[in-house]
Amino acid sequence: MIALGSDHGGFELKQEIIAYLKEKNLEYKDYGCESKESCDYPVYAKKVANAIVSGECDRGILICGTGIGISITANKVKGIRAAVCHDTFSAQATREHNDANILAMGARVVGPGLALKIVETFLNTEFSNDERHIRRIEQMEG
Ligand code: RB5
């Protein structure tokens with residue numbers, strides 16, 4: 001199950017991602033926001049982060065204007081590894097090396113075409129399970 005969240009700045013891109021997930025028959029849960037009306041990204045970052053640490057969802061996608069505020073907030077929740085990615089190389093690397101459990105993007109930074117490629121890469125790339133990456137991830141939580 002994929003957890004989705006955005007603020008007003010990310011609302012429209014989130015709708016594009018929802019359409020993509022539906023087309024691929026991938027299960028998702030949208031934790032808000034519900035419209036383009038101005039709202040506070042920490043509310044939705046925390047909802048998605050908590051859905052992942054509770055085990056309700058496996059991975060999350062968070063979108064705000066830049067991807068920054070929403071990822072900083074999510075990363076304050078223990079067990080969350082949220083990565084801002086605006087290219088497919090980073091999306092692949094953060095899954096392989098960091099076992100990132102949340103992808104964050106800025107809807108004012110990337111267009112929908114690239115954003116969907118980044119989503120696809122993030123969802124289809126497995127963690128390397130390499131001993132050195134496991135060790136470094138453990139050190140993050142230390
Ligand atoms: C909202 O205007 C904007 O600050 C937010 O979407 C995000 O970019 C914050 O990091």
Side-chain angles (χ1 to χ4, degrees), residues 1-128 130 132-142:
M1 179 75 78
I2 300 157
L4 299 177
S6 76
D7 71 355
H8 53 289
F11 177 76
E12 282 186 339
L13 179 55
K14 186 176 65 178
Q15 304 314 117
E16 304 252 8
I17 292 170
I18 287 172
Y20 169 85
L21 297 176
K22 279 184 178 163
E23 185 194 309
K24 300 284 178 194
N25 280 317
L26 294 169
E27 284 195 313
Y28 69 90
K29 192 166 172 191
D30 184 3
Y31 288 85
C33 65
E34 310 295 340
S35 75
K36 290 200 295 185
E37 197 177 318
S38 182
C39 61
D40 300 331
Y41 58 78
V43 172
Y44 306 101
K46 287 179 189 174
K47 285 185 180 183
V48 166
N50 289 332
I52 290 165
V53 293
S54 72
E56 199 178 334
C57 293
D58 315 297
R59 287 195 207 164
I61 300 172
L62 287 172
I63 308 143
C64 65
T66 58
I68 298 171
I70 210 158
S71 61
I72 291 174
T73 312
N75 276 319
K76 291 187 182 294
V77 176
K78 194 169 170 55
I80 291 301
R81 293 177 300 281
V84 185
C85 298
H86 291 131
D87 63 273
T88 56
F89 175 82
S90 301
Q92 182 178 337
T94 199
R95 284 292 308 128
E96 288 176 347
H97 294 206
N98 317 125
D99 198 13
N101 46 18
I102 293 183
L103 166 67
M105 291 185 292
R108 296 173 188 157
V109 183
V110 281
L114 177 55
L116 293 182
K117 282 282 174 204
I118 294 167
V119 167
E120 183 176 47
T121 304
F122 183 79
L123 295 179
N124 290 328
T125 306
E126 291 306 316
F127 177 50
S128 63
D130 185 289
R132 71 188 192 283
H133 294 313
I134 293 170
R135 183 180 68 242
R136 290 164 189 163
I137 291 166
E138 285 170 356
Q139 287 173 6
M140 287 181 195
E141 299 287 350

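Start at 1 and go down the list; that is how both ligands and their atoms are numbered.
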Exercise. Do S54 and N50 have a side chain donor and acceptor closer than 3.5 Å?
Worked result: no

Exercise. Salt bridge check: are R59 and E126 linked by an N-O gap of less than 4.0 Å?
Worked result: yes

For this session: Would you name the heavy atoms of I70 and S6 that are closest together and state the gap between them?
Result: CD1-CA, 4.1 Å

Seminar exercise, completed: Nearest heavy-atom approach of A115 to L13 is CB-CD1, 3.7 Å

Please give the N or O to N or O pairs under 3.5 Å between ligand 1 and the protein, distances rounded to 0.1 Å.
| from | atom 1 | to | atom 2 | distance (Å) |
| --- | --- | --- | --- | --- |
| ligand 1 | 2 (O) | R108 | NH1 | 3.4 |
| ligand 1 | 6 (O) | D7 | OD2 | 2.6 |
| ligand 1 | 6 (O) | G65 | N | 2.7 |
| ligand 1 | 8 (O) | G65 | N | 3.3 |
| ligand 1 | 8 (O) | T66 | N | 3.0 |
| ligand 1 | 8 (O) | T66 | OG1 | 3.1 |
| ligand 1 | 10 (O) | T66 | OG1 | 3.2 |
| ligand 1 | 10 (O) | G69 | N | 2.9 |

Problem set entry | F127 side chain near I137 side chain, heavy-atom distance below 4.5 Å | yes

Exercise. Quick one: do E120 and K117 make a salt bridge, cutoff under 4.0 Å?
Worked result: yes

